[in-house]
Colleague: 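Could you have a look at this structure, given as structure tokens, before my questions?
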Amino acid sequence: MPDRLKPVILGSSAALGGDRSSGERPDADLLEGLNPPQLAAVTYRGPALLIVAGAGSGKTRVLTHRIASLLRGREAWPSQILAITFTNKAAGEMRERVQQLIGDSAQGMWISTFHSACVRILRREAQQFGFTKNFTIYDSGDSRALIKRLVKEHEADAFGLTPAGVQSRISKLKNELADADSYARQANMSDPAERVFVELFSAYQAALQRANAFDFDDLIGQTVYLFRAFPHVADVYRKRFRHILVDEYQDTNHAQYALIHELTRPVQGSSGDSFSAGGMMIFEPETAPEVEGASLTVVGDSDQSIYAFRGADIRNITEFERDYPGAQVVLLEQNYRSTQNILSAANAVIANNFDRKDKKLWTDVGAGDAIVGFTGYSQHDEAQFVADEIEALHRASMPYSQMAVFYRTNSQSRALEEIFIRAAIPYKIMGGTKFYDRAEIKDALAYAVAVANPADELAVRRILNRPRRGIGDVTETSIARYAAEQQITFRDALANASALGVGPKIQAAIAQLDAVLAEATEIMLPASGEIAPPTAVTQGLSVLLNKSGYMDALRMSRDPQDEARLENLDELIAVTREFARNNPEGTILDFLTEVALVADADDLDDESGTVSLMTMHTAKGLEYDAVFVTGVEEDLIPHRISANEPGGPQEERRLFYVALTRARKRLHLSLAMTRAQFGEVSAAMPSRFLQEIPHDLIDWRQSPGDVNSRGGMQSRALNGRRSGGSGGGFGGSGKRYGDDLVPLPRREKTGDIAKFANRIPAKVRDNGDLELGPGDRIRHDDFGEGRVDAVTGEGAKRVAHVRFDSAGAKKLLIKIAPIVKL
DNA sequence: AAGTTTAGGGTTTTT
DNA sequence: CCCTAAACTT
């Protein structure tokens, strides 16, 4: 019963775009200034296009111009475009740039991450397969908590199964689109540990379904499942999206690959029912028997694939031509970001990976400055070099915001922070422990989830005894038992406190919790059916936090950290206000979705005037005038653990390559001869990657050889003097940074310090209101005596500009510097 | 049930 | 060294 259908006119490239190229183009201005391959990438029309975009080759420009060109030429409606990026931040930037090119006609495009796009689809279609649209999204912490409980219940530890191990195996399997059944079919089921694992996998999946929840991997995997199990649903989206563009394609995993594959299938003579998929607008006047598959554009660079460890499959890009026969391939090799010296170094390093297509970045901006190398005696020595160099660049009028410091592991940031604080260099740490990972924030969100998705037992259990209500294991179990007996949800069981067979005090506590949840529900999801006002989320959340006693418990506490927790909760409330401003129609569900899918790093836009510290992974996709790659040592980069993993060292090399190619003008490579790890100091060896860089490209201020041949105890001043005055040295005393470091404010590794009030007050050296003025003499624990030139800044941020007798000029934060007035 | 001590383990990370 | 989680007290 195929073709009684109305043909669908899709304004596709085939329909309209074909011979546009003759005569004047509506998109002529979009093509100006593009180099020939970029031009080809923007204007090619066909079913599949692979853009191999080297670092800094202008791929974002190509993507945005390609989209703009499609829209401008009326080859596509905005609603027919689906662009997938790796992070929300990248998505936001892309949307903005397209908007700049073509204005408001950009409305209606889907530009988002894989996960956000899938959530949108799943919210619309959830009821098709046993979920409801108010499902919750479990982050890895949530799913770990769930798995932990299941491991305990199944006594799986007896078989050597740990929660972390089970979680990562399940995640890997889901990335391969396996489920418990399909895994069981090919697993060695005579192994009892395997049987238990399969049991856990199934139980985990069942628990998710019961809780009306998806984990991160499910968002992708279940969407693929949905499309495969319900072709008529998939067809809705296949017809809608005519142009699909995927950025960072080298970091997609199999599930994501499959999703794209499903979306780009041709629509077989579809069943004629007019599906109204959740009120989505389908452009569907009259229909053709078959609709060709969407046009697919992918952009990637296999040299920048650094996420294999979490399932990214580099074959998705290397085998693209096989999967999409007739695909056009465009190679972008001209680099618009870095100097030739930087590119030559990067090229030389990556050339050592044998399994790659040869590709050489080049630029016409010239050689530029030499790469600067430095070997410190310790990580603090290295950090001091970085700090001095940053100051020198800053004096030469490079803004702090144009500088970044990279490291392989988060723990390396501590030494840098210590020195930066003393040197009064403004910095921010990107990534690391996240705002939304904090216990108090997760508690607050669990309250909200308990309202939005009462089926989510995990959330309700989480808040059960937070704040302390005297509800422990025993009570929790009796609630669960009662719920099972009555065949009601855990949440609904709370409404019957008196039937639980627990003491009166606890009954009252449960009833109180139930009442608070009910009150907040009425605010955020009014039963009367009226639409909640924009303030509902903010109001509901503060009702939850206040009337539950959560806030009071923190206020009463004498744990100094609880003060910071209160501030964090205030910040969360502020986030809801901001959300309401941006989404007047936004419900608690929308809020929770946004919070679940938006990472901290996303909203950290380049704030003015701070140096950025981050891991090499986080650095992907960013660029800075000056880059410091630190800890260039064996066992760090390449990391020790990667040595035994297949493809590990190669991935580490790509990571290093990514780090190098972030730099526009200045690149610094530094390492330390000794590194303290886990409290023990051990000798460090220069990374093999250093050897791979042509020696004449690096100007060593202090080379590993210098340090070795002179022995570790000599002052850096002997070698460091020549470094243009910025090196400093410590007056030849041979005194090292080390145990004598002042205790520094403990700070959590979060992005924006001021914003999230994340500085947990700790006992800190505090010079308080030490009055200093020009002319005063001081003594510093490390730098010796010096004279104050000037004092700038206010309050806790007062900075003394000191000229030390032997150590040169330094800036010090008066409040915490190890100094005394003489 | 809540607070305290000890043992273990410690890449990389977006969503 | 520093954080987490389990074991152990109170």
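Just so we're on the same page: letters track the sequence lines, and every chain starts at 1.
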Colleague: I want to check one thing: is the phosphate of dT11(B), taken as OP1 and OP2, less than 4.0 Å away from some side-chain N or O of Ser642(A)?
Modeller: no
Colleague: What is the nucleic acid contact for Tyr307(A), judged by heavy atoms within less than 4.0 Å: base, sugar-phosphate only, or nothing?
Modeller: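 The answer is sugar-phosphate, as Tyr307(A) gets under 4.0 Å only of primed atoms, P, OP1 or OP2.
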Colleague: Between Arg468(A) and dG3(B), does any side-chain N or O lie under 4.0 Å from OP1 or OP2?
Modeller: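 Indeed, a polar side-chain atom of Arg468(A) lies that close.
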Colleague: From NE2 of His617(A) over to C1' of dT13(B), roughly how many Å is that when rounded to an integer?
Modeller: 7 Å
Colleague: Indicate the ring-plane relationship of Phe406(A) and Tyr624(A), choosing parallel, tilted or perpendicular according to the 30° and 60° boundaries.
Modeller: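 Answer is perpendicular, since the angle exceeds 60°.
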Colleague: Please compare Leu219(A) and Val474(A) by the position of their nearest nucleotide in DNA chain B and report the one closer to 5'.
Modeller: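 Between the two, 5'-proximity favours Val474(A).
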Colleague: Anything under 30° is parallel, anything over 60° is perpendicular, the rest tilted; go ahead and classify Tyr307(A) against His617(A).
Modeller: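 Tyr307(A) and His617(A): tilted rings.
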Colleague: Of the candidate nucleotides dA1(B), dC3(C), dT12(B), which contains the atom at the shortest distance from the side chain of Phe309(A)?
Modeller: dT12(B)
Colleague: Does atom CZ (Phe309(A)) have a neighbourhood of more than 12 heavy atoms from anything else shown, all under 6.0 Å?
Modeller: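 Yes, CZ of Phe309(A) has more than 12 neighbouring heavy atoms, counting only those of other groups under 6.0 Å.
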Colleague: Please work out if Lys148(A) contacts a base, only the sugar-phosphate, or nothing of the nucleic acid, heavy-atom cut-off 4.0 Å.
Modeller: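 Contact class for Lys148(A): sugar-phosphate only.
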Colleague: Hey, does Ile471(A) reach any base, or is it just sugar-phosphate, or nothing, if we go heavy atoms under 4.0 Å?
Modeller: sugar-phosphate
Colleague: Can you tell me the distance, in whole Å, between the CG atom of Asn253(A) and the C1' atom of dT13(B)?
Modeller: 13 Å
Colleague: Convert the base pairs of DNA chain B into dot-bracket notation, remembering that pairs crossing earlier ones are written with [ ] and that bases paired across to another strand are shown as |; include only Watson-Crick or G-U pairs under 3.5 Å.
Modeller: ||||||||||.....
Colleague: Test salt bridge (charged side-chain N to carboxylate O under 4.0 Å, His left out) on Asp635(A) and Arg675(A) and set out the steps.
Modeller: CA-CA 11 Å; Asp635(A) 291 350; Arg675(A) 190 162 292 273; over 6 Å; no
Colleague: Check this for me, if you would: do Asp251(A) and Lys620(A) make a salt bridge, where the nitrogen-to-carboxylate-oxygen distance has to be below 4.0 angstrom?
Modeller: yes
Colleague: Tell me the interatomic distance from Phe656(A), atom CZ, to dT12(B), atom C1', rounded to whole angstroms.
Modeller: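 My rounded result for the distance is 16 Å.
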Colleague: Salt-bridged, Arg654(A) to Glu651(A), with N to O below 4.0 Å?
Modeller: yes
Colleague: Can you tell whether the side chains of Asp142(A) and Lys442(A) come within less than 4.0 Å, N to carboxylate O?
Modeller: yes
Colleague: Quick one: classify the glycosidic conformation of dT11(B) as syn or anti, with syn meaning within 90° of 0.
Modeller: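 Syn.
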Colleague: Within the structure shown, what part of the strands sits under 4.0 Å from Asn465(A) by heavy-atom distance: base, sugar-phosphate, or nothing?
Modeller: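 Contact class for Asn465(A): sugar-phosphate only.
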Colleague: Given atom CZ of Arg414(A) and atom P of dT11(B), what is their separation to the nearest angstrom?
Modeller: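 From Arg414(A) CZ to dT11(B) P: 14 Å.
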Colleague: Is Phe86(A) stacked on the base of dT14(B), with ring centres under 5.5 Å apart and planes under 30° apart?
Modeller: no
Colleague: So, under a plain 3.5 Å distance rule, would you say the side chain of Arg310(A) forms a donor-acceptor pair with the base of dT12(B)?
Modeller: no
Colleague: Select from Ile641(A) and Asp473(A) the residue whose nearest nucleotide in DNA chain B is closer to the 5' end of that strand.
Modeller: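 Of the two residues, Asp473(A) wins.
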Colleague: Please state whether the phosphate of dT13(B), meaning OP1 or OP2, lies under 4.0 angstrom from any side-chain nitrogen or oxygen of Thr618(A).
Modeller: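 Looking at the OP1 and OP2 atoms of dT13(B), one of them is under 4.0 Å from a side-chain N or O of Thr618(A).
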Colleague: In whole angstrom, give the distance that lies between atom NZ of Lys152(A) and atom P of dA5(C).
Modeller: 12 Å
Colleague: For a salt bridge (charged side-chain N to carboxylate O under 4.0 Å, His left out) check, start with the C-alpha distance between Arg466(A) and Glu440(A), then their side-chain angles and the critical distance, and finish with the verdict.
Modeller: CA-CA 10 Å; Arg466(A) 234 160 288 179; Glu440(A) 65 275 17; over 6 Å; no
Colleague: Whole angstrom is fine here: how far is it from CD in Gln677(A) over to P in dT11(B)?
Modeller: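 Rounded to whole Å, this separation is 9 Å.
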Colleague: Measure CD/Glu476(A) against P/dA2(B) and give the value in whole Å, please.
Modeller: 12 Å
Colleague: Rounded to whole angstroms, how far apart are NZ on Lys620(A) and C1' on dT15(B)?
Modeller: 13 Å
Colleague: Do any side-chain nitrogens or oxygens of Asn410(A) fall under 4.0 Å of OP1 or OP2 in dG10(B)?
Modeller: no
Colleague: When you measure from the side chain of Asn88(A), which nucleotide among dT11(B), dT15(B), dA1(B) comes out closest?
Modeller: dT15(B)
